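Please read all numbers here as calculations on a predicted model, not as lab measurements. Residue numbers start at 1 and run along the sequence shown.
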Amino acid sequence: MQGNLLKLAAGAAALCASLSAHAAPGIAVSVAPEKASLGKSDDVVVKVTFTNTSDSPQYVLKSRTPFEDIEAPLFEITRDGQPVRYLGAIAKRGAPTAADYFVLKPGASYTAKVELSALYDMATTGDYAIRYRIGNGSGKAAEELKSEAASVWIDGIRPRGSNQETKSLAEMQAQAGMVTAAGGALSFNKCTTSQQADITTAVSTALSMATNGDAYMAKGTMGTRYTKWFGAVDSGRVATVKAHFAAIKDAFATKPITVDCGCKKTYYAYVYPTQPYTIYVCKAFWSAPMSGTDSKGGTLVHEMSHFNVVAGTDDWVYGQSGAASLAVSDPAKAIDNADSHEYFGENTPALQ
């Protein structure tokens, strides 16, 4: 990774301010499967190549690349035209700093191999289309990283036409090995007594945020609080956000939630969207305030929105600046962005 790609120094604050002006438009992304046809026991491996097609350095968020641990749905995959479910983790990170970027020199390329069948449900027989597609974290629509679609035929362990991607909540919980508990139950894994106390308060705070957000959406009049984080008022998008907050509120109020404190990574938290309602909290979570911007309560709202049975959100951008930009440039993605839901719920500074 040290050859064609150079790491940015963590202290390059001045450089960080200019990153968005030099990001994704000069980067071409391609996806090439190792095999065009795969059998039941074959792993689905693709080569992903990033190429700087411009005459200036191009910067890309590490978390938006396959060059380190993948903790976001970087690929858009369909089988026979139907979306394929992402099975991997989605992590909440803070607003990007210079240290969070790779720089790709003019004309340089970098390629990584990715094994997709551990990250996506690709066990059903069919014709798969695989496209690399994710925002570069700036909130600007022009800076989306995307490739052309590559085709792969998979003779899977399930017959063609099986619809395993649309499972009931009970089925998802059973697959994850979850034990059904009474509605609203809170349990812990690898958490100290003091951590359990903090999490109990954080879940209560998250419920208050979700309840407030649900009440705001129910009143029907969308003010600056809505437009700041979700963009121009559109009846279809408003209905989506309204449904999201009703579901987030219901999840905190009635579903069996497990919080795992064993994560040692530097970011806030992560979940597996197909495994409700387990939330893994990490180092940044513990230093966050209980409420307000990027808070403990807000982090839990963010993570709860990721579960497919709740709102199924993605991480198009991180941070208030990126979320506000996304609301302007691409409201359709803003209503699918977890941080946008978090900041709407936290409502700091308060908007009407």
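Aromatic pair Phe285/Tyr267: centroids not less than 6.0 angstrom apart. You'll find the ring centres of Tyr270 and Tyr280 inside the 6.0 Å limit. Proximity of the aromatic rings of Phe67 and Phe50 is defined here by a centroid distance below 6.0 angstrom, and this criterion is met. The ring of His244 has its center closer than 6.0 angstrom to the ring center of His341.
No donor-acceptor pair under 3.5 Å is formed between the side chain of Ser117 and the backbone N or O of Met122. Formation of a donor-acceptor pair under 3.5 Å by the His306 side chain with backbone atoms of Thr313 is found in this model. Looking only at distances, no side-chain donor or acceptor of Asp314 sits under 3.5 Å from a matching main-chain atom of Asn337. A distance-only check finds a donor-acceptor pair linking the side chain of Glu346 to the backbone of Ser295 [under 3.5 Å]. For Gln196 (side chain) and Thr193 (main-chain N/O), no donor-acceptor pair under 3.5 Å exists by modelled atom type. With hydrogens and angles ignored, the 3.5 Å screen pairs no side-chain donor or acceptor of Thr51 with any backbone N or O of Thr53. Judged purely by atom type and a 3.5 angstrom limit, Lys296 uses its side chain to pair as donor or acceptor with the backbone of Ala288. In this structure, Asp260 contributes its side chain and Lys190 its backbone to no donor-acceptor pair below 3.5 Å. Put simply, the side chain of Thr201 gets close to the backbone of Ala197: a donor and an acceptor are under 3.5 Å apart. Remark: side-chain polar atoms of Asp339 are paired, donor with acceptor, to backbone N or O of Gly319 under 3.5 angstrom.
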With salt bridge (Lys or Arg N to Asp or Glu O under 4.0 Å) as the test, would you mind laying out the steps for Lys105 and Asp55 before giving the verdict?
CA-CA 8 Å; Lys105 297 161 77 173; Asp55 58 1; over 6 Å; no
Please lay out, stage by stage, how Leu116 and Val45 fare under the test side chain to side chain contact (heavy atoms under 4.5 Å, CB included).
CA-CA 6 Å; Leu116 291 175; Val45 179; over 6 Å; no
Step by step, work out the ring-ring contact (aromatic ring centres under 6.0 Å, His included) result for Tyr59 and Phe102.
CA-CA 6 Å; Tyr59 303 99; Phe102 288 124; over 10 Å; no
I'd like to know whether Tyr216 forms a side chain to side chain contact (heavy atoms under 4.5 Å, CB included) with Val241, so could you lay out the CA-CA distance, the side-chain angles of the two residues, the decisive distance to 0.1 Å, and finally the verdict.
CA-CA 11 Å; Tyr216 181 98; Val241 176; over 6 Å; no
Intermediate values then yes/no, side chain to side chain contact (heavy atoms under 4.5 Å, CB included), Met304 and Tyr277:
CA-CA 7 Å; Met304 187 63 75; Tyr277 299 91; 3.7 Å; yes
May I have the step-by-step check of side chain to side chain contact (heavy atoms under 4.5 Å, CB included) for Thr258 and Phe188, ending in yes or no?
CA-CA 5 Å; Thr258 298; Phe188 309 96; over 6 Å; no
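Across Ala338 and Ser305, no two heavy atoms sit closer than the pair CB-OG, 3.6 Å. Across all non-hydrogen atoms, the minimal contact from Pro331 to Ala232 is CG-N, 4.3 Å.
Between Lys92 and Asp315, none of the side-chain N atoms (NZ, or NE/NH1/NH2) sits under 4.0 Å from a carboxylate O, so this pair counts as no salt bridge. Electrostatic pairing of Asp127 and Arg79 does not count as a salt bridge here, judged by no charged N lying under 4.0 Å from a carboxylate O. Ion pairing between a basic and an acidic side chain is recognised when a charged N comes within 4.0 Å of a carboxylate O; Asp121 and Arg85 show such pairing. Ionic pairing of Arg131 and Glu76 is present here: one or more N-O contacts between side-chain nitrogen and carboxylate oxygen are shorter than 4.0 angstrom.
Side-chain contact between Tyr86 and Ile77 is absent, with no heavy atoms from C-beta onward closer than 4.5 Å. A 4.5 Å side-chain heavy-atom check between Ile199 and Cys261 finds at least one atom pair inside the cut-off.
No option in Gln82, Arg160, Arg158 other than Arg158 meets the side chain to side chain contact (heavy atoms under 4.5 Å, CB included) test with Thr124.
Judged by the 6.0 Å distance and 45° axis criteria, Arg225 is positioned over the aromatic ring of Phe344.
The distance from the CH2 atom of Trp286 to the CG atom of Asp198 is 6.0 Å, given to the nearest 0.5 Å.
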